[in-house]
Protein chains: 2
Amino acid sequence: MNSKQNRISIISQIIESETVRSQNDIIDRLRERGITLTQASLSRYLKEIQASRIPDGNNGYIYKIPPEAAKSTAVLSNEVVSVEFSGNNMAVLKTISGYANAVSAQIDAKMLPPIAGTISGDDTILIIIRDGFSKRQVKDYLVREFQYIKNKFLNE
Amino acid sequence: MNSKQNRISIISQIIESETVRSQNDIIDRLRERGITLTQASLSRYLKEIQASRIPDGNNGYIYKIPPEAAKSTAVLSNEVVSVEFSGNNMAVLKTISGYANAVSAQIDAKMLPPIAGTISGDDTILIIIRDGFSKRQVKDYLVREFQYIKNKFLNE
DNA sequence: TCATAAGGTGTATATTTATGCACTTTCGAC
DNA sequence: GTCGAAAGTGCATAAATATACACCTTATGA
């Protein structure tokens, strides 16, 4: 699946594992992997994942993804399709196909107080809300930790 | 007063306290404060302080200084007795007894580009200057990060 | 199904940022 | 002090990045 999301994920990977000093550098690395795209699109992708060119303190510039953006961008921002509450103790989170597990792992890793646990299938995650916590608190924590999820909420 | 250092310090302040989306923005803010400089110089300053323009996640760009490069009014107050250069690649920093380690930890934490590393004993710190950088640059960075240290330099 | 909306992309170009060069100033060793 | 080297700067321009626009594809809804 050579989709936009796929390319974005490869681009993140390149930025995090290699030293790239310009968008042309990135385009070259992509071409080595058989992926062709224009500088224009790359610029738009980089904006989405909040990657940017920063001085490296040693007389040059290097592309980086700020840590707080790396977390929420890598999986959650692009893979989560929707979040919807059911009753007062559950939330159903939909991802694009195959990503439910990766996403739920990220949520689990945060050990958020209002989340008792998660169960994930292929494209669906069930979030169990801990007794004594509200839907609102779950939403607030998720949004705080994964900023990009904000507009994925269907109800609250 | 070193004018360049002064301007750099004001620029950091602007970036941290206002929303600036381009170098021209910064130049405008500086002009409001009676400081005039060209975009060329600003670009060079920003490179020094490792400030850069990053996507703000909301369809725009904003200038930021990454946390590890950001200046903080650190607390290495009266422990430093003197700073003296030796040769072209070392500086010897004297502290009051027992504080060398704590002080060098603060210097290390800044990850200053011109400092390759430090070694500390009880009241003495040896600063190793990174190849390609000058004594002058070490002094400028130290003074920028630890202003009160300014008058502790024995030679320059 | 078709119409319309929404998203994705490349081209060309505008905008923004970096830097070579020439010149001036400051520094550091005598 | 003087001298040579390094740092600082503006101008002009190169290099790099962002985006308006046109076009195409894919979703959405009647």
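Just so we're on the same page: letters track the sequence lines, and every chain starts at 1.
- Between A:Ser41 and C:dG10 there is a side-chain polar atom (N or O) within less than 4.0 angstrom of OP1 or OP2.
- In this structure, the CG atom of B:Leu42 is 11 Å from the P atom of D:dG10, given to the nearest Å.
- Taking atom OH on A:Tyr63 and atom P on D:dA15, their separation rounds to 16 Å, with Å as the unit.
- Between the P atom of D:dA6 and the CG atom of B:Asp140 lies a distance of 16 Å, rounded to the nearest Å.
- As judged by a 4.0 angstrom heavy-atom cut-off over every strand, B:Arg44 is placed among the base-contacting residues.
- Side-chain atoms of B:Arg21 come within 3.5 Å of backbone atoms of B:Tyr61 as a donor-acceptor pair (strictly under, hydrogens ignored).
- Contact annotation: A:Arg21 does not reach the phosphate of D:dA15 (side-chain N/O to OP1 or OP2, under 4.0 Å).
- Contact check, A:Gln39 against C:dA12: no side-chain N or O comes under 4.0 Å of OP1 or OP2.
- Using a 4.5 Å cut-off on side-chain heavy atoms (C-beta onward), B:Glu48 and B:Asp140 make no contact.
- Spacing between atom CG of B:Asn59 and atom C1' of D:dA18 amounts to 11 Å, rounded to whole angstrom units.
- Among the protein residues, B:Ser43 comes within range of the nucleic acid bases, having at least one heavy atom under 4.0 Å from a base atom.
- Residues B:Leu46 and B:Tyr63 meet the side-chain proximity criterion, which asks for heavy atoms closer than 4.5 Å.
- Going from atom OH of B:Tyr45 over to atom C1' of C:dT19 covers 16 Å, rounded to whole Å.
- Comparing D:dC11, D:dG8, D:dA16 against the side chain of B:Ala40 picks out D:dC11 as the nearest.
- Atom CD1 in A:Ile15 sits roughly 11 Å away from atom P in D:dT17 (whole-Å rounding).
- Taking side-chain N and O atoms only, A:Lys47 has a distance below 4.0 Å to OP1 or OP2 of D:dT19.
- A distance of 12.0 Å separates OG1 in B:Thr124 from CD1 in B:Ile119, rounded to the nearest 0.5 Å.
- Mapping B:Pro55 and B:Thr38 onto DNA chain D via the closest heavy atom, the residue that lands nearer the 5' end is B:Thr38.
- In terms of phosphate contacts, B:Lys135 brings a side-chain nitrogen or oxygen within less than 4.0 Å of OP1 or OP2 of C:dA29.
- Between the CG atom of B:Leu42 and the CG atom of B:Leu30 there is a distance of 7.0 Å, given to the nearest 0.5 Å.
- A:Tyr61 places its OH atom 18 Å from the P atom of D:dA14, with the value rounded to the nearest Å.
- In this structure, the CD atom of B:Gln23 is 13 Å from the P atom of D:dA18, given to the nearest Å.
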